[in-house]
Every structure is written in C-alpha cells, then in structure tokens.
Amino acid sequence: MADAAKKEEVDAKKAEVKKRLQDEAALKKKKGFMTPERKKALRLIIRKKSAELLEKERQAMNADKLKAVMDRCGEAKTIDGIPLEELIDIVKQYHERSYLNESQKWDLEFDVRRSDLEIHELNSRVNDLRGKFQKPKLKKVSQYENKFAKLQKKAVNEFNFKGQLKSVGK
C-alpha cells in the first residue's frame, strides 16, 4: 500500500507541475495584436493597394502623354474626299507644326546642356573653395604599346618574304 500511496503522491505532483507549466505557458503567450496570420493578411492588403496605386499612376502618365501629343500635334484631320488645295494646306500646317516642335526640342536640349555645364562649373567652384580637389579620371594606357609597335616593325622587316625569294633566270 505504501507503493500505491507513493504512486498517487508522485502522480499528484506531476499533475501539479504540469498545471503550473501550462499556466506559465499561457502567461508567456504573445499577447499582441499582430499575429502571424494578421501580418500576412496586412501584407497582402498592402501589396494589392500598392499595385492599384501603381496602375493608377501608369494610367495617369499615359493620359498625360496622350494630352501632350494632342497639344503638340493637334487633332487628326480626315483626308478622305477633300480637294487637292485643302490637302496641301493640311500638309503645310503639319509641316509648320513639326518644324515648331523640332525647334522647341532643340531649344530645350540646349537649355539642358547649358544648365548641366553651369552645374558642373558651380560644383568645381565649391570644391575649389572647400579645398577638396577631385582627381581627374585617367585613361588606362598600356605600358607595352610602344614595345609591341617596335616588335611588329621588326617582324615585318625580318619576314619580308619577297626579298627572301630567289630569282630564277630562264
């Protein structure tokens, strides 16, 4: 009977330890709002929303491009069944418009190049005032280039086959 009493006592202690461990585990459980499932769901929602925003931005950019093209080129004119004089006038209008667009493009490119040059000059002035000098990038030149040229000349002179041919007299 002593064994049975000891066994019951050990079982009671085991049950008590098990209960205590479960209580500690329940206290240690993460008591946060963000569970892994919620994080995944939020990430999915954020991805969908960002994809929608990107698509809207693309559509807005395409609309802006179309508007710019329409502003620069004008509306398309139908040329079916119109007299030759009107057709010539339409071609002249398109030519004037394309000439104007090209001149504006050239002016803009010139302004961009000029502003880039000014930026570069201002950066160099700032570096001069600070006392920080940028080393210019040097081109890589082969040290053996002259030697190779000399060797090629020497090889040409040594292997002059015409000079080494024997002349045969008949």
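What's counted below: heavy atoms across the whole structure, side chains too, no hydrogens, waters or symmetry copies. These numbers were taken from a predicted model, which means no experiment stands behind them.
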Gap between atom CG of Asn62 and atom CD of Glu57 - 0.5 Å precision: 11.0 Å

Nearest-0.5 Å distance that lies between atom NE2 in His95 and atom CD1 in Ile88: 14.0 Å

Approximate separation, where rounding is to 0.5 Å, of Glu121 CD and Ile119 CD1: 11.0 Å

Separation of Glu102 CD from Gln104 CD (nearest 0.5 Å): 10.0 Å

Point-to-point distance, once rounded to the nearest 0.5 Å, from CD1 of Ile90 to NZ of Lys92: 12.5 Å

Same cluster (ILVMFWY, side-chain, under 4.5 Å), Tyr94 and Ile79: yes

Sequence-distant partners of Phe110, side chain to side chain contact (heavy atoms under 4.5 Å, CB included), two or more places apart: Trp106, Arg113, Arg114

Distance, nearest 0.5 Å, that separates CD1 of Ile82 from NZ of Lys77: 9.5 Å

Flag if over 12 foreign heavy atoms under 6.0 Å of CG, Leu53: yes

Test side chain to side chain contact (heavy atoms under 4.5 Å, CB included) applied to Gln59 - qualifying residues, sequence neighbours left out: Glu55

Met34 vs Leu42, side chain to side chain contact (heavy atoms under 4.5 Å, CB included): CA-CA, chis, key distance, verdict: CA-CA 10 Å; Met34 295 302 291; Leu42 282 174; 3.3 Å; yes

Check: Lys65 and Val69 side chains under 4.5 Å, non-hydrogen atoms: no

